[in-house]
Each structure stands twice: as C-alpha cells, then as structure tokens.
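Being a predicted model, the structure only gives us computed values, none of them experimental. Heads up: numbering here begins at 1 and tracks the sequence. Both ligands and their constituent atoms are indexed starting at 1 by order of listing.
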Amino acid sequence: MTREELRTDIAIILDRARKRTSLLTETVSDEELCAQHSPLMSPLVWDLAHIGNQEELWLVRDLGGREPVRKDIDELYDAFQHPRASRPQLPLLSPSEARGYVRTVRDKVLDVLDHTPLYGTPLSDHGFAFGMIAQHEQQHDETMLATHQLRRGSAALHAAPPPPKSAAVGGEAVVPAGPFEMGTSSDPWALDNERPAHNVHVDAFAIARAPVTNGEYIEFIGDGGYSRSGLWSEAGWAHRNASDLTAPLFWRQDSDGVWWRRRFGLVEEVPLDEPVVHVSFHEAEAFARWAGKRLPTEAEWEKAARWDPTTGRSRRYPWGDEAPSAERANLGQRHLQPATVGAYPAGASPLGVHQLIGDVWEWTSTHFRGYPGFRYFPYAEYSEVFFGTAHRVLRGGSFGTDEVAVRGTFRNWDYPVRRQIFAGFRLARDAEQDENI
Ligand SMILES: [Fe+2]
C-alpha cells in the first residue's frame, strides 16, 4: 500500500467511525443525551466530547504538533479522573458545544493527515495513531450502543435483521496439542496488549463449533442453574445472591413460562437459536459447569480462531487474512442482534469453528495480563493498569464491534460481573491427543 492509499484508507475509516458516532448521538433528544441511563454508563454527551478530546490529544497535539483546541476541558474528559457514575454532575459541554468541538477537531485532524509523514516514529508508522484513535472511537460507539440498549423508551435505532441460518452447525472441533503463534508483532494497528507474537504450547482440547444459544441457556435456567450453588464459584454465587440474578439481563418470563427480552426498545420472544448475550462471566462459568464443560482459555480461543492446521501458521481471522465482510461476520452494528447459529459458514475457521468473530464477545477463563515481553505503548493507561486478576479476557467482538476494532489477536477485558456488554460464551473441554470426533 502506498502512503497515499494509506491516507485515503485512514480518512475512510475515520469517517465511518464518525458517521456511527453521529447516528448514536442524533437519534435521541438532547435531554436524553445528557441523561444517565445507568450508573454503569456515561451520559452519551460525555462519550461524544471524550471521543473528540482523545482525538485532539493524540492527533492534533501529539502527532500533529498543533496548538490545543480546548486544553481547558482535558480534565473533564479524562476517564481516569471521573468514574462513570459521577460524570453527569460535571460541567460538561452541551450537546451542541460537543458537536461543534468534535467537528473542529476532526477538521484539524484531516489537515494533519494530509501533512504528516505516516512513517518515521512509532506513533506515526503505518498511521498507528490514526488507527488507535479510530479504534477508540469505535470502542466508545460500542459502549454508546450498550447505553442505547440500557435506555428506556421506544426504539431509536433500526437495522435489518441478520442473515438466517445457512449451515447446520453443532458439536465440537478437536484441536490437537502443540504450539501456535499467539499475538502479533507485525499487525500495524495492533494495540500494545496484543504484542508481541510468541509461541504458546496448548494441550489438546475440544471447543464448541458455536456459541451457547438462548435455547441451551433456557435449559440451564429450567434445570435450576441459578439456584444450585455447586455450579457456581464462590465469588459467582455471592454475586448471584447479592444481585438476585435469575436470567440474562433484559430477560423476563411471563406467567406461561415464555421468555421475553427487551432489545433496543423492542420487546420480543427470546429467539432460541441465537447466541445468548448479556450474561456475566460468573453465569457463563456456572453454565459450563452445569454442562460438564468449561470455558476456553484465551490461548485456546485464539488457537481455534487463528491456527491453520495445514500450514501451521496463525491467520488474522478464522477465515484467513482477508478483511471481514457481510458474508463472513456480524460486525459493525449492521444488525442490532447476534445472528442465528449457522448464519456465517463463510466465516468458519479451518477446523470448522463458527462465529468466532462478531455476534457476541466471548468470555474466556483467562485473567487479563501482558504477554511475555509486553511493553506499554503509547501509554500505560491503555492496558497495563488493568493487568491482574480483576478482569477476564473476552474475545472475538460482537455485532456492535466495528471491523477496525477486532481481529484474531484483539483482546477485550472486563469485570466478571458485567452484563451490559454484548457478551456470551462458548464451551470447551480437555481432549485426548488422539481424539477425533
Ligand atoms: Fe476512552
């Protein structure tokens, strides 16, 4: 790719993110933009100006070396200064001020893009800082989509339903013991926590070809899954009791025993063949124990998603190195729900594991830590400060994740109690080396 092609690509990717941000912030009233729909979330107007502020910090000031636009608001929009619950009390920019601010910043950024060499420093190489900022905006767009899901009231967002099932998908794939290359040292826009590439030995394991569905989850509920302490970890059981969990978030059961869910302002019967979403790590773990299985480790998930048994090479995506498409994965808020299991045969891995990218983030059993040789870049607050035992890793992206912000190496993390994110899971188990099913 030439520098000019890269510049054009970056402009398109930045514009795609901004169109989505606009959609998410223009489909509700100014009053709703400033309201807090859940203590877990920021007011949408905070996300909007924060997106602009990060873009200003990294692209206008740092990479571009330009004068600040609004240095006075840096502190307001620093995520580390103010927890989400306290953000509505801050003297935030109004919706029209925030819109004007992000527009001004973007105009300057496009000028920086025209004049900055896209090589020569770690921040500018292959346009890394632009890629980081595009991913940041898309990540906030997914967070804002979760805020839309939490908000009450009639539907504000609309999208076509995902494609129907076109392949029968069930059972497990067995992945033989052996090493594979995990992480990346070469993907130009990979974030610090995905680096460096390193060899990992993974014992033989079996992994479900599809995520756990709503129908399977209803069986777990019906079999007393939420009332059998033996299925839960100690922390999970304590949380289940403290929060009185009885079903995924946004679900309720009517007097005839039928399960309903609220989805972006619509109430509908829970579709049985769709991957379950809005479950916490603790619920996923309890389900796995009930099923006689376990959650995959992060390394198992990545090997299932990237390892090509023919060449031994790790690919960028389950289907190969080519970019995601509408036929391969349910990404980018193209649809407002996960697709039925079997809807994306073109996105399967060589071992026949489906829907690893898109649909739902998948909880793994692994705590979020740096890979061997990890070095923070460009700042420790990006991921290093979250390393430890407080967070579990999620993989694969959801229907609300843009393709710029997910790949086979991409790592997300969250607290094990979180349910407002678009997260589900799939099952795994130990396998015998000579096992083949
Ligand atoms: Fe942020």
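Residues Gln253 and Trp260 bring no donor and acceptor atom of their side chains to less than 3.5 Å of each other. Looking only at atom types and distance, the side chain of Glu302 has no donor-acceptor partner in the side chain of Thr409 under 3.5 Å away. Side-chain atoms of Gln420 and Gln149 form no donor-acceptor pair, as typed in the model, at a separation below 3.5 Å.
In this structure a side-chain-to-backbone donor-acceptor pair under 3.5 Å is present from Ser398 to Gly400. Side chain of Thr116 to main chain of Val112: a donor-acceptor pair is present (N/O by atom type, distance under 3.5 Å, no hydrogens or angles).
Distances from the Fe ion (ligand 1) under 2.8 Å pick out these protein N/O/S atoms: His50 NE2, His136 NE2, His140 NE2.
Checked for salt-bridge contact, Asp141 and Arg16 miss the test: no charged N lies under 4.0 Å from a carboxylate O.
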